[in-house]
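Take a look at the structure set out below.
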Amino acid sequence: MTARGLRDSAMQAAATLARPVLGGLGFIVTLHRVVPEAERSPLPSNRALEVTPKDLRAMLEYVRQNGLEIVAQEAIPARLASPHGPRFVCFTFDDGYRDNATLALPIFREFGAPFTVNITNGFIAGNASVWWYWIEEILNAGKALQFSWKGTPHHFTAATTGERDRALEEIARLVRGLGAERDALLRVIGEAAGLDPCALTRKLCLTWEELRALAADPLVTIGAHTAGHHSLNRLTDEELVVEVDGARRALAAQLGREVRHFAYPFGGAKAVSEREFALVRSSGFATMLTTRPGNLTREHSAQMDRLPRLTISGNYPALKELRMAESGLAAWRERRRGRA
Ligand SMILES: [Zn+2]
């Protein structure tokens with residue numbers, strides 16, 4: 001057996017042992033995009049957001065073969081308040097990418113399995129930037145990117161994949177650190193690169209018409225994911241109301257039905273805490289999802305405003321990631337790394 005084979009079987013054995021103790025009642029999976037292998041991003045921070053159609057089908061097959069129940073998000077409060085049935089999993093996709101309708105939906109239909117799509121209204125309207133992919137496009141187009149922000153010049157070389165990835169990470173830190181000023185910075189970058197910050201959004205994301213068609217499928221739950229995908233803790237209270245409650249109302253009006261679920265943008269411990277939880281809770285959502293790692297236990301029935309999720313990173317084999325999530329080892333590993 002190779003070293004890798006040994007490591008894999010040790011991991012599997014650990015997952016089997018951990019499952020009854022750490023696996024809890026079930027778990028919620030965070031996904032973003034379904035992208036064919038040949039079209040995937042070469043940059044790890046964006047590639048992390050992508051699983052292939054083959055990966056997605058393999059995950060659903062695993063879930064079915066191992067007796068997990070795939071539940072709609074709506075069912076989670078009852079499953080936590082009065083546990084019954086097998087361990088469950090709920091699949092969620094964030095942001096509103098078009099591939100959720102063209103590639104994910106047909107696969108979920110094959111399995112008759114429900115899933116949630118959490119929508120950032122500005123992505124659907126085409127007036128907010130999917131800046132992480134847009135900056136990648138800019139870095140791919142030239143050998144360097146330079147701009148000046150608040151009197152400070154920024155210069156990034158982008159000749160290799162490694163340089164582009166480092167540049168994306170540094171620019172992401174700058175962008176995520178801003179509140180309402182974020183869009184001004186994106187315009188500055190757009191002017192330097194000669195590219196409209198929202199042009200790529202309209203290519204990657206659903207239109208309102210496409211979203212309404214997706215929402216009409218009985219397998220699909222639509223959740224809110226704010227107006228403009230800001231780092232919520234960088235916004236004032238007033239801005240937060242617009243981003244969360246305003247967006248919930250606007251999305252409900254577009255769909256012609258109530259929107260009962262919410263996912264925090266960049267939902268880790270650094271992006272959201274008590275102030276954001278309180279405001280989002282006051283909007284009347286039934287379940288509110290973070291990206292804090294964790295499996296679900298009975299205790300979470302009193303924490304609907306901060307349910308944990310487990311992210312399947314496209315940088316690792318999807319099935320291994322799912323198995324780690326199910327067993328509780330993924331959450332344990334993330335907490336040890338201090339990401340909780
Ligand atoms: Zn998001």
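Since the model is a prediction, treat every value here as computed from it, not as a measurement. Read the numbers this way: they start at 1 and go in the same order the structure lists the ligands and their atoms. FYI, side chains are in, hydrogens and waters are out, and symmetry mates aren't considered; it's all heavy atoms of this structure.
- A side-chain donor-acceptor contact under 3.5 Å links E299 and T297.
- Aromatic ring centroids of H229 and F123 lie under 6.0 Å apart.
- Taking the six-membered ring where the residue is Trp, F147 and H154 present parallel rings, their angle staying beneath 30° rather than reaching 60°.
- A salt bridge is absent between R281 and E274: the closest approach of a Lys/Arg side-chain nitrogen to an acidic carboxylate oxygen does not fall below 4.0 angstrom.
- Partner of F91 under the ring-ring contact (aromatic ring centres under 6.0 Å, His included) criterion, out of F111, F27, F108: F108 alone.
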Which pairs would a plain distance check flag for residues 42-57, meaning a side-chain donor or acceptor within less than 3.5 Å of a matching protein atom at least two apart in sequence or in another chain?
{"from": "S45", "atom 1": "OG", "to": "D165", "atom 2": "OD1", "distance (Å)": "3.3"}
{"from": "N46", "atom 1": "ND2", "to": "W132", "atom 2": "O", "distance (Å)": "3.0"}
{"from": "N46", "atom 1": "ND2", "to": "E136", "atom 2": "OE1", "distance (Å)": "2.8"}
{"from": "R47", "atom 1": "NH1", "to": "S41", "atom 2": "O", "distance (Å)": "3.0"}
{"from": "R47", "atom 1": "NH2", "to": "E37", "atom 2": "OE2", "distance (Å)": "3.1"}
{"from": "E50", "atom 1": "OE1", "to": "S41", "atom 2": "N", "distance (Å)": "2.9"}
{"from": "E50", "atom 1": "OE2", "to": "Y133", "atom 2": "OH", "distance (Å)": "2.6"}
{"from": "T52", "atom 1": "OG1", "to": "K54", "atom 2": "N", "distance (Å)": "3.4"}
{"from": "T52", "atom 1": "OG1", "to": "D55", "atom 2": "N", "distance (Å)": "3.0"}
{"from": "T52", "atom 1": "OG1", "to": "D55", "atom 2": "OD2", "distance (Å)": "3.1"}
{"from": "D55", "atom 1": "OD2", "to": "T52", "atom 2": "N", "distance (Å)": "3.2"}
{"from": "R57", "atom 1": "NE", "to": "E110", "atom 2": "OE1", "distance (Å)": "3.0"}
{"from": "R57", "atom 1": "NH2", "to": "E110", "atom 2": "OE2", "distance (Å)": "2.8"}

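- Taking distances strictly below 2.8 Å, the protein N/O/S atoms close to the Zn ion (ligand 1) are D95 OD1, H225 NE2, H229 NE2.
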